[in-house]
Amino acid sequence: MNKMDFSKLVITIALVLVLFLCMDGSEGVSNSSGSLSVGDINPPFAHHKVNLSVYYDSLCKSCALFIIKDLRDIFDSSLISIVNLRLVPWANAYINNNNNSISCQNGPDECELNSLESCALNLWHKVDIQYELISCFEFLAIEGTINTWKEDCLNQLGLPEKPFLNCFNMGNGTQLGKTYINQTAQLYPSPLSVPWVVVNNQPVGNDYANFAQYVCKAYRGDAVPEVCNSP
Ligand SMILES: *[C@@H]1O[C@H](CO)[C@@H](O)[C@H](O)[C@H]1NC(C)=O
Ligand SMILES: *[C@@H]1O[C@H](CO)[C@@H](O)[C@H](O)[C@H]1NC(C)=O
Ligand SMILES: *[C@@H]1O[C@H](CO)[C@@H](O)[C@H](O)[C@H]1NC(C)=O
Ligand SMILES: *[C@@H]1O[C@H](CO)[C@@H](O)[C@H](O)[C@H]1NC(C)=O
Ligand SMILES: *[C@@H]1O[C@H](CO)[C@@H](O)[C@H](O)[C@H]1NC(C)=O
């Protein structure tokens, strides 16, 4: 093969490769390495996932029941496969302008629990761990035994104490609270009640117990979970 033929061959191969990668990319589901798109980083169809955000405060009973009972269905069914679940504590809390401290609707105990839950959300990024820990806290809160959270939640779930206590004791949970309060303040429309459940930017209002129906309706991907097919 002479030099001319060789470079033609190289160009042809390059063109075919580029074409292939473009087609590949447009499918959005395969493991192309040509361009960095959402599909490259996340599992297939990750970009079709429905955003489910739950704004709540930690000592509100209807919030606790929603988290413990209704949200568990996401994990028990396979709904979690099509959902980006985001828990946002510190609803109904506000930052005092004069001293930059936070006040919570249900008092300092609620601020403390909000802080604990903020640490949970920020130390562990796997949503099932976040959920289990926060659900555990909320369960104890309802039972009136929140003081045993270390043994009954952290230890029971096998989560390391040290980073968690660091986060909580150094006030990071409260600092994070300011971010959550800001995020909540940016909601439009503003929450009228809690839990305030938002599906892809659409609040579901008082119908939050039926959130799964809204999620299924909002889903645009092909991997429809069984739970969305049942009447
Ligand atoms: C995608 O490509 C990367 C790197 O080439 C590889 O490590 C990974 O296993 C591939 N994933 C799938 C689902 O094929
Ligand atoms: C900050 O100010 C608020 C409202 O003025 C007050 O209730 C609260 O006790 C103050 N907190 C601290 C830590 O000084
Ligand atoms: C707490 O916040 C400080 C300052 O932002 C940061 O350096 C530190 O890593 C945080 N610690 C934890 C446990 O989150
Ligand atoms: C929250 O928002 C206020 C006003 O928009 C801003 O000054 C502050 O820096 C924000 N705080 C955080 C923690 O994002
Ligand atoms: C879901 O949230 C992500 C990140 O917050 C955002 O980029 C994406 O557009 C949202 N998806 C929908 C369908 O609203």
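Quantities reported herein were computed from a predicted structural model and do not represent experimental measurements. In listed order, ligands and their atoms are each counted from 1.
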Closest non-hydrogen protein atom to [atom], residue and atom name please, with distance?
atom: atom 6 (C) of ligand 3; answer: Asn172 ND2, 4.1 Å
atom: atom 1 (C) of ligand 2; answer: Asn99 ND2, 1.5 Å
atom: atom 4 (C) of ligand 2; answer: Asn96 OD1, 3.7 Å
atom: atom 5 (O) of ligand 2; answer: Asn98 ND2, 3.1 Å

Heavy-atom count around Asn97 CG within 6.0 Å, excluding the residue itself: above 12?
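Result for CG/Asn97: open.
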Are the side chains of Gln202 and Lys217 in touch, meaning some heavy atoms are under 4.5 Å apart?
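Heavy-atom side-chain distance check fails, nothing below 4.5 Å.
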Quick one: are Pro225 and Ile82 in side-chain contact, heavy atoms under 4.5 Å?
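Side chain of Pro225 against side chain of Ile82, heavy atoms only: contact under 4.5 Å found.
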Distance filter under 4.0 Å to Cys167 heavy atoms, resulting ligand 3 atoms
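Once the distances to Cys167 are compared, the set is 13 (C).
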For the residue pair Trp124 and Phe164, does the interplanar ring angle fall in the parallel (under 30°), tilted (30 to 60°) or perpendicular (over 60°) class?
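Ring orientation, 0 to 90° scale: parallel.
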I'd like to check whether Asn51 has a polar contact with ligand 5, where a contact means an N/O of the residue lying under 3.5 Å from an N/O of the ligand.
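Looking only at distances, the answer is yes, because the N/O contact criterion of under 3.5 Å is met.
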Which atoms of ligand 5 have any heavy atom of Asn200 under 4.0 Å away?
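Going through ligand 5 atom by atom, the ones under 4.0 Å from Asn200 are 12 (C), 13 (C), 14 (O).
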Check whether the ring centres of Tyr208 and Phe66 lie less than 6.0 Å apart, and answer yes or no.
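Centroid separation for Tyr208 and Phe66: below 6.0 Å.
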Can you tell me how far apart CE (Met170) and CD (Gln175) are? Round to the nearest 0.5 Å.
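With rounding to 0.5 Å, CE (Met170) is 11.0 Å from CD (Gln175).
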Is there a protein heavy atom less than 4.0 Å away from atom 9 (O) of ligand 3?
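Not a single protein heavy atom is under 4.0 Å away.
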Look up atom 12 (C) of ligand 3 and tell me if a protein heavy atom lies less than 4.0 Å from it?
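It does: a protein heavy atom is found less than 4.0 Å away from atom 12 (C) of ligand 3.
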Residue among Leu87, Ile80, Asn84 satisfying side-chain contact (heavy atoms from CB on, under 4.5 Å) with Val127:
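Exactly one option meets the side-chain contact (heavy atoms from CB on, under 4.5 Å) with Val127, and it is Ile80.
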Any idea which part of Pro163 is under 4.0 Å from ligand 3, heavy-atom wise: side chain, backbone, both or neither?
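Backbone only.
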